[in-house]
Amino acid sequence: MIAMTKDDNDIIRQRRAQLQALRERGNAYPNDFRRNILAQELHTRYGDKDKEQLETETEKFSLAGRMMSRRVMGKASFAHIQDMSGRIQLFIRRDDLADDSYAQFRKWDIGDLVGVTGSVFRTRTGELSIQADSIRLLAKSLRPLPEKFHGLSDQEIRYRQRYLDLITSATTRQTFQIRTRVINHIRAYLTGCGFLEVETPMMQAIPGGAAARPFITHHNSLDMDLYLRIAPELYLKRLVVGGFEKVFEINRNFRNEGLSLQHNPEFTMLEFYWAYAGYEDMMSLTETLFRSLAVEVQGDTIVEYQGETYDFGMEFRRLTLRDAVLAHNPELSAGDLDDLDRLRNIAAGKGIEVKDSYGAGKLQVELFEKTVEAQLKQPTFITAYPVEVSPLSRRNEAQPDIADRFELFIGGREIANGFSELNDPDDQAERFRIQAEGKASGDEEAMHYDADYVTALEYGMPPTAGEGIGIDRLVMLLTDTASIRDVILFPQLRTKE
RNA sequence: GGGCCGUUAGCUUAGCUGGUAGAGCAGGGGACUCUUAAUCCCAAGGUCCAGGGUUCGAAUCCCUGACGGCCCA
């Protein structure tokens, strides 16, 4: 029940009594006040004007926001209000106001929403402020805000009642503002490159495009089970077949898996597809995009993350998966990676759970994830993934066991996954068949056989490259945030009762 | 799913080997026309996460559960 059990305390009772008095004086929740400027605009406009210059400034401004602090003296007071742009100090003198406004103001609380009209000036200590001609209460706050100095430190309340976190933490506000800027920038960038933004189904009869367990829901009037999508991939590629040769979608995926610092059941993914291009073109585009994102968000290409420094201005390192595994496991030889029996022993020796169904490719990837992934701090493209773990990727011309595929790692985490698309319908059908076999023998993450998608390929899909970028993890990087819960406004939590 | 840690006033927290809960902020009353963690005086505020157990006595020790955090699978 969290805060709901805290309904009955002195503070709330007193504030409710004040609200009752307000109701008796008229509408306690008026909506006829209009502001004409935001706090930050005042700082921008007058930030470099000194006290004397401001004394000649007679323009009247109307601002509204939440009262975040108040210092009440006998006949004059200071207060700060906060709006969506920032804060500004108010100077409120009894003799400047009409009637009993000052007496009313004295009864208000931190957290109340107020509207104020007045002119700018600078205090003796130099703070740009509004000298109030009139001030009104626009909405009463009945519950006390978190303590002003330490703020809100209870993680649980920060997530469950995010509005309190947003009211009290400038860092949190900034994180989510950056998140929006990142998404806007990506959207503008891809649109500028000629990509068309589309929306594809979130509810799918066959969940495809990734190896993951889906959420299941039910459509009543059709009386059919549907899956929340684990990826939009197969629908976006149908659009490529349809002639939308450059498409992208930024939207939610849902995966029915555990929660961690990097996993939330619903998360945001960018996927984009580019006909007549290959996976190497995607790597180049990704580097350029990330570079421009860093500049957009923080003005240069240097990204500080959890005490480390990444330079998005440098060319990203490229390394094959095999070379990466060998480099981080010096006791292994190239031959070890091709010998299934040896691989099984090596993997088991490193504490990897080896299933009977695992082939050499899957074991190589398991080894990579166990011994290499977390070490890849600087931006690194890992290439040449085994076809065994890449059922939607094109085969390499020279090495048919290898897919023309890459993943991008930064800060030890997978940020992006891209490849040249498999557009041979017969090869795709065979790969689905193998996946469906795996599913039948108990692999819950194996893919379904999507015959409708194969049909689409049979009409002919242009040679295409595609990529997915995890937006939440990217925002974590760009906001120096350790937990995915800090970049999702309302992260998944257990319900309380 | 496993391990470790946490949960005390609205918020931030103290509370040692078991002896009946203390502070700061916020809030209430009073003073104060340039404060900014405003200041000064006074008074108030607690289901110590929940349930069970040990004990003369439990916020404190034990068990179970809830929720959260971190680590691991």
Side-chain angles (χ1 to χ4, degrees), chain A residues 1-19 21 51 54-55 66-82 87-97 101-103 105-112 118 120-132 140-161 163-165 167-169 213 256-263 306 347-348 350-355 366 369-370 374 412 445 482-486 491-497:
Chain A
M1 279 289 284
I2 52 166
M4 309 326 152
T5 57
K6 297 164 183 165
D7 278 346
D8 189 37
N9 67 59
D10 283 347
I11 295 177
I12 292 175
R13 271 196 297 277
Q14 282 153 6
R15 291 194 182 190
R16 282 204 170 274
Q18 288 170 28
L19 175 60
K51 190 168 166 60
L54 289 179
E55 275 163 10
R66 191 181 295 276
M67 186 157 62
M68 298 303 293
S69 67
R70 57 200 292 266
R71 294 168 290 286
V72 178
M73 294 168 286
K75 300 185 183 66
S77 298
F78 291 92
H80 278 97
I81 59 167
Q82 175 172 293
R87 288 188 182 191
I88 187 110
Q89 179 169 259
L90 309 181
F91 183 43
I92 302 137
R93 292 198 298 188
R94 187 190 67 181
D95 296 346
D96 292 339
L97 303 181
S101 281
Y102 191 73
F105 164 81
R106 290 186 59 129
K107 296 178 190 165
W108 301 344
D109 294 292
I110 288 174
D112 286 350
V120 292
F121 78 110
R122 209 169 271 286
T123 63
R124 274 177 209 164
T125 53
E127 179 164 350
L128 185 69
S129 305
I130 290 283
Q131 182 152 354
K140 183 71 194 164
S141 173
L142 295 174
R143 291 172 185 267
L145 289 179
E147 191 238 18
K148 64 182 171 186
F149 187 57
H150 298 92
L152 182 61
S153 63
D154 185 321
Q155 291 283 68
E156 185 172 356
I157 296 178
R158 288 188 53 228
Y159 300 143
R160 287 191 198 275
Q161 296 177 276
Y163 48 90
L164 292 179
D165 190 25
I167 289 169
T168 53
S169 167
R213 297 174 65 172
N256 204 341
E257 294 164 352
L259 283 67
S260 82
L261 286 183
Q262 300 167 59
H263 297 88
Q306 305 287 296
K350 293 191 182 289
I352 293 165
E353 187 195 349
V354 178
K355 295 183 181 162
E366 290 281 327
E369 289 176 355
K370 182 87 177 178
E445 293 192 347
S483 169
I484 196 169
R485 293 188 196 100
D486 290 324
Q492 194 63 52
L493 297 175
R494 218 179 283 269
T495 53
K496 284 205 157 191
E497 191 43 62

Between [X] ([atom1]) and [N] ([atom2]), how many Å, whole number?
X        : N     : atom1 : atom2 : value
A:Arg160 : B:A66 : CZ    : P     : 14 Å
A:Arg143 : B:C11 : CZ    : P     : 11 Å
A:His263 : B:C72 : NE2   : C1'   : 14 Å
A:Arg485 : B:G69 : CZ    : C1'   : 8 Å
A:Glu127 : B:A37 : CD    : C1'   : 14 Å
A:Asp96  : B:C34 : CG    : C1'   : 13 Å
A:Ile12  : B:G45 : CD1   : C1'   : 13 Å
A:Met68  : B:C11 : CE    : P     : 16 Å

Nearest-angstrom distance, [atom1] atom, [N] to [M]:
N     : M     : atom1 : answer
B:A50 : B:C11 : P     : 14 Å
B:A23 : B:G45 : C1'   : 13 Å
B:A37 : B:G24 : C1'   : 10 Å
B:G19 : B:A58 : C1'   : 10 Å
B:U8  : B:U47 : C1'   : 11 Å

Q. RNA chain B: A:Ser260 or A:Gln492, which has the more 5' nearest nucleotide?
A. A:Gln492

Q. Taking the nucleotide of RNA chain B with the closest heavy atom to each, which residue, A:Gln131 or A:His150, is nearer the 5' end?
A. A:His150

Q.
Do A:Ser69 and A:Met67 have side chains that approach each other closer than 4.5 Å (heavy atoms only, starting at C-beta)?
A. no

Partner lookup for [N], please. Criteria are Watson-Crick or G-U wobble with both distances under 3.5 angstrom; report none if nothing qualifies.
N     : answer
B:C4  : B:G69
B:U33 : none
B:A23 : B:U12
B:A43 : none

Atom pair [atom1]/[atom2] of [X] and [Y] - distance to nearest 0.5 Å:
X        : Y        : atom1 : atom2 : result
A:Ser77  : A:Leu90  : OG    : CG    : 10.5 Å
A:Leu145 : A:Leu152 : CG    : CG    : 10.0 Å
A:Ser483 : A:Tyr159 : OG    : OH    : 4.5 Å
A:Asp112 : A:Lys107 : CG    : NZ    : 13.0 Å
A:Lys51  : A:Phe121 : NZ    : CZ    : 7.0 Å

So what does [X] touch, heavy atoms closer than 4.0 Å: a base, only the sugar-phosphate, or nothing?
X        : result
A:Gln89  : base
A:Phe121 : base
A:Arg158 : nothing
A:Gly351 : nothing

Q | From B:U13, B:C34, B:C11, nucleotide with atom closest to A:Ser153 side chain | A | B:U13

**Q.** Nearest listed nucleotide, side chain of A:Tyr159, among B:C11, B:G69, B:U33
**A.** B:G69

Q: Answer yes if the side chains of A:Gln89 and A:Arg71 hold a donor-acceptor pair under 3.5 Å, and no otherwise.
A: yes

**Q.** cation_pi(A:Arg70, A:Phe105) dist<6.0 Å, angle<=45
**A.** yes

It should be established whether [X] places a side-chain nitrogen or oxygen under 4.0 Å from OP1 or OP2 of nucleotide [N].
X        : N     : value
A:Lys51  : B:C34 : no
A:Arg71  : B:C34 : no
A:Arg494 : B:C67 : yes

Q. Side chain to side chain donor-acceptor pair (under 3.5 Å) between A:Asp96 and A:Tyr102: does it pass, once the steps are laid out?
A. CA-CA 9 Å; A:Asp96 292 339; A:Tyr102 191 73; over 6 Å; no

(Q) Output one letter per nucleotide in nucleotides 26-32 of chain B: B when a protein non-hydrogen atom lies under 4.0 Å from the base, S when only the sugar-phosphate is that close, - when neither is. (A) BSS---B

Q) Just by protein heavy atoms under 4.0 Å, how would nucleotides 2-8 of chain B read 5' to 3' in B, S and -? A) -------

Q) Judged by atom type as modelled, is there a donor-acceptor pair below 3.5 Å linking the side chain of A:Gln161 to the main-chain atoms of A:Leu164? A) no

Q: Indicate yes or no: does A:Arg15 engage A:Asp109 in a salt bridge with an N to O separation below 4.0 Å.
A: yes

Q.
For the NZ atom on A:Lys355, are there more than 12 heavy atoms of other groups (residues, nucleotides or ligands in this structure) within a distance under 6.0 Å?
A. no

